[in-house]
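Remarks on the structure that follows.
Chain letters run A, B, ... following the sequence lines, proteins first and then strands; every chain starts at 1.
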Number of protein chains: 2
Amino acid sequence: VTALDRSAAEALDAADPLASFRARFVYDEDPERIYLDANSLGRLPKQAIEAVAERVREWGARLVTAWPDWIDEPARVGDLLAEAALGAGPGEVLMADSTTVNLYKLAGAALDARPGSGAVVADAADFPTDRYVLAGLAAARGVELRMLATDPVEGPGAGAVAEACAAGDVALVCLSHVNYRSGALADMAAITRVAHEAGALALWDLSHSVGAVPVELGRTGADLAVGCTYKYLCAGPGSIAFLYVRRGLQAELRSPIWGWFGQRGQFEMGPAYEPEAGIARFLAGTPPVLDLASTEAGIRAVADAGIGRIREKGAALTALAVALHDERLAPLGFLLGTPRDPARRGAHVALRHPDGRRIARALIERANVVPDFRAPDSIRFGLPALTTRFVDVWDAVDRLRALVETREHLEVDPGSSRVF
Amino acid sequence: VTALDRSAAEALDAADPLASFRARFVYDEDPERIYLDANSLGRLPKQAIEAVAERVREWGARLVTAWPDWIDEPARVGDLLAEAALGAGPGEVLMADSTTVNLYKLAGAALDARPGSGAVVADAADFPTDRYVLAGLAAARGVELRMLATDPVEGPGAGAVAEACAAGDVALVCLSHVNYRSGALADMAAITRVAHEAGALALWDLSHSVGAVPVELGRTGADLAVGCTYKYLCAGPGSIAFLYVRRGLQAELRSPIWGWFGQRGQFEMGPAYEPEAGIARFLAGTPPVLDLASTEAGIRAVADAGIGRIREKGAALTALAVALHDERLAPLGFLLGTPRDPARRGAHVALRHPDGRRIARALIERANVVPDFRAPDSIRFGLPALTTRFVDVWDAVDRLRALVETREHLEVDPGSSRVF
């Protein structure tokens, strides 16, 4: 019996101060299934069921007379999120649109605020939508999209960013806080500092860090941020995203999408667009009100648990996964695709294997474990603190080991990579 | 007893072939209330309650494994809408984002497809978000925003559009099919024709016509369209909007927002953005899955009733409102702000009065009638066929008449214009 016997995982669960939070979520699927793809779609908070139903009832009973209450929801829920997970102040965060559209709005605003600059810096290892949106903006604005050639397991470093900004022609540095494949956690403070030293703005995609690790937008001086709510914030499939604009920067920036919800005196419906003074200028169209109900439920779970405790348990869960990888998977040809230092990673781990796509498929079909897969070779285990037990990690690795040891994974069709 | 006695309205209700559709919707507010603001927020379909709850359950039980089903929803529900209400073919309509964001994407794509052109034509009487979005795009692209000085009650005419396009420098004509204030219905076929003759594309905002009157995108040769679903489609507050791109035009246009949901081989996550061949290229970020459930319920009600019958009843409802205006309101200083020819209006009427703002407020506070108000002087009565009775129109006008006759409206504070 080693330290990595299953009983060690059981002991960690028994001592887990967040164990009771599991009961706030729904586990309606096959009880033998181990769900490790909450970094794609987080579990349903029980509170969300009632919150959404209540919002639907409100629609039916109050109709348009409820709008004076609903209209402040994007700012109110944004403020909740700012305090619970973002280290941001009131009036700095807004729930709005999708991550993609928010990234377009904020990166577009940043480029427009730096006319005559020559480049935007991004990361070749970053999530597709970030790279694509920036490529589109760069092409439209006639600026260079300067790609860092980051090792995904390392994540982008301040040195590389400083180098990319050295010519002084960069308007914007746009990076992910936690890398979607590797889980590498970037040094937001150091990178923001070198961006600022070069006269550039720093925009952070928080999709894989919000609700998993503390984000300190205020302390690090980050200028802009966007992120989704359907992973660690458990807000539901395709739920409304968020955006952050540092207070001191709000008056200077203007969304490229001049929508009526960003208009000062919206219901005067005046002839000319004049954006709101504060964060509301980054709204575009009518916000999805049903969606905001489930989103608030998810954010409240994170707020109640406390992002510090969530971070601590997340680090312990990934540490267990790393230790189990080293002991039980590495001998089978696996490579760890995630930083070994817990301070340098988020709440998911990547297990790389040349046969990764087939193994991920076999895990689902033969072992009742749901991971996801990211090309070319990464099986991701997402380990959100509020809904994952240490024994889940132990059991998942055990089933994975058995599968590959027996070479059973070779029997499945790798099939589609339609895993989110 | 005149033809406009209440019994005439009762007789119309008794003969109404759509009367049974009322039972598909929720009427949970004060039963004495007359709700005439469904052109801002339509009633809750009973089917939507269960559809949303079921989608929430599916999230809880299937988690990410449901995404292979959900991912086609924007196109599938778009196809339903295309057939039920838009006169468009499969693969031409997509549920996505908000109306504002969709307008930005399609107008931006149109301008990008006509580089070197000098202007976009819009209507000074159009809804604010349309004017603002186009102003932002025109400013960013360095083209002129050429405003028609349309009489809102007339609506934009083909002659005025032809004149605005006469110089041959127009890339895009962007108009609303039904005017948000007056209800004037534009001649989509004639205006699209003159736009095409001048080498311009035609983009239609259908927010106030979809689900109220037949829209014939295919027959009229319209190039592009957007619209919202929370009015006559009863999809819920802030529900997902839609966009239309004529099939023959899809390959030529490219959204300015290069999002991962528009990417060919999305889950290959390749290095460069390469848009999907078809309509999917106009998606941006992850679609709101809960929202799509309520949206489908609303669209199904329209599909089942048939847009032809809806149009017929809508014309009869507005005709009753016009007749009652003439007989009972005009003597009190009201002016009809809506075309008199039923073929030239949608399903709402505007009753103009110098004291309109105060009267609208008094209707809500003193007469239990919920209209909305649009500056400077229009009280709107929205009369969706599926949820409005002829006696509702009769009673609302009767209460309005009594209120103004007794000058009781002068006792209320006009208050905010926060009516949607």
Side-chain angles (χ1 to χ4, degrees), chain A residues 26 28-29 35 37 40-41 43-44 48-49 52-53 56 59-65 67-68 70 97-101 104 124 128-129 132-133 135-136 140 230 236-239 241 256-260 263 267-269 273 284-291 294 370 372 375 417-420, chain B residues 26 28-29 35 37 40-41 43-44 48-49 52-53 56 59-65 67-68 70 97-101 104 124 128-129 132-133 135-136 140 228 236-239 256-260 263 267-269 271 273 284-291 294 370 372 375 417-420:
Chain A
V26 167
D28 266 359
E29 73 274 25
Y35 184 65
D37 200 9
S40 286
L41 180 61
R43 284 191 180 277
L44 167 60
I49 303 172
V52 170
V56 170
W59 161 21
R62 295 186 57 201
L63 292 160
V64 80
T65 66
W67 257 116
W70 294 335
D97 298 308
S98 64
T99 309
T100 297
V101 170
Y104 180 86
T129 218
Y132 302 159
V133 163
Y230 48 74
S239 52
I257 305 177
W258 296 7
W260 72 311
Q263 166 79 351
F267 288 97
E268 291 311 312
M269 302 193 164
Y273 178 71
T286 311
V289 168
L290 303 190
D291 227 48
S294 65
V370 181
D372 80 2
S417 54
R418 265 198 178 183
V419 186
F420 284 68
Chain B
V26 167
D28 266 359
E29 74 274 24
Y35 183 65
D37 200 10
S40 285
L41 179 62
R43 285 192 179 277
L44 167 60
I49 303 171
V52 171
V56 170
W59 161 20
R62 296 185 57 201
L63 291 159
V64 80
T65 66
W67 257 116
W70 295 335
D97 298 308
S98 64
T99 309
T100 297
V101 169
Y104 180 87
T129 218
Y132 301 158
V133 164
C228 80
S239 52
I257 305 177
W258 295 8
W260 73 309
Q263 165 80 351
F267 289 97
E268 291 311 312
M269 301 192 164
Y273 178 72
T286 311
V289 169
L290 303 190
D291 228 45
S294 65
V370 182
D372 81 1
S417 54
R418 263 198 180 184
V419 187
F420 285 67

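Ring planes of A/Tyr104 and B/Tyr104: perpendicular class, angle over 60° (limits at 30 and 60°). Using cut-offs of 30° and 60° for the angle between ring planes, the B/Trp258 and B/Tyr273 rings count as parallel.
Residue B/Ala284 touches chain A through both its backbone and its side chain, counting heavy-atom pairs closer than 4.5 Å. Heavy-atom distances place the backbone of B/Pro287, and not its side chain, under 4.5 Å from chain A. Heavy-atom distances place the side chain of B/Val52, and not its backbone, under 4.5 Å from chain A. Contacts between B/Thr129 and chain A at a heavy-atom distance below 4.5 Å involve backbone atoms as well as side-chain atoms.
Looking only at heavy-atom pairs under 4.5 Å with chain B, the residue among A/Ala53, A/Ser98, A/Gly136 that has the most is A/Gly136. Note: B/Pro128 leads B/Pro128, B/Ser294, B/Cys228, B/Ala140 in heavy-atom pairs under 4.5 Å with chain A. Per-residue counts of heavy-atom pairs under 4.5 Å with chain B were compared for A/Asp28, A/Leu63, A/Val289; the largest is that of A/Leu63. Residue with the most contacts toward chain A among B/Pro237, B/Ala135, B/Pro256, B/Gly285: B/Pro237 (heavy-atom pairs, distance under 4.5 Å). Ranked by heavy-atom pairs under 4.5 Å with chain A, the list B/Thr99, B/Ile49, B/Thr100 is led by B/Thr100. With chain A as the partner, the residue from B/Gly236, B/Ser239, B/Ala48, B/Ala124 showing the most heavy-atom pairs under 4.5 Å is B/Gly236. Here A/Val133 is the residue among A/Leu290, A/Val133, A/Val26 with the most heavy-atom pairs under 4.5 Å with chain B.
With a 4.5 Å cut-off on side-chain heavy atoms, B/Ile257 and A/Ile257 count as touching.
Nearest heavy-atom pair across A/Trp70 and A/Trp59 is CH2-CA, 3.9 Å. Between B/Phe267 and B/Trp260 the shortest heavy-atom distance is CE2-CZ3, 3.7 Å.
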Chi angles and distances behind the side chain to side chain contact (heavy atoms under 4.5 Å, CB included) call for B/Val64, A/Asp372: CA-CA 9 Å; B/Val64 80; A/Asp372 80 2; over 6 Å; no

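We find the OG1-OH distance between B/Thr286 and A/Tyr230 to be 3.0 Å, quoted to the nearest 0.5 Å.
Of the N and O atoms on the side chains of B/Tyr35 and B/Glu29, not one donor lies less than 3.5 Å from an acceptor on the other residue.
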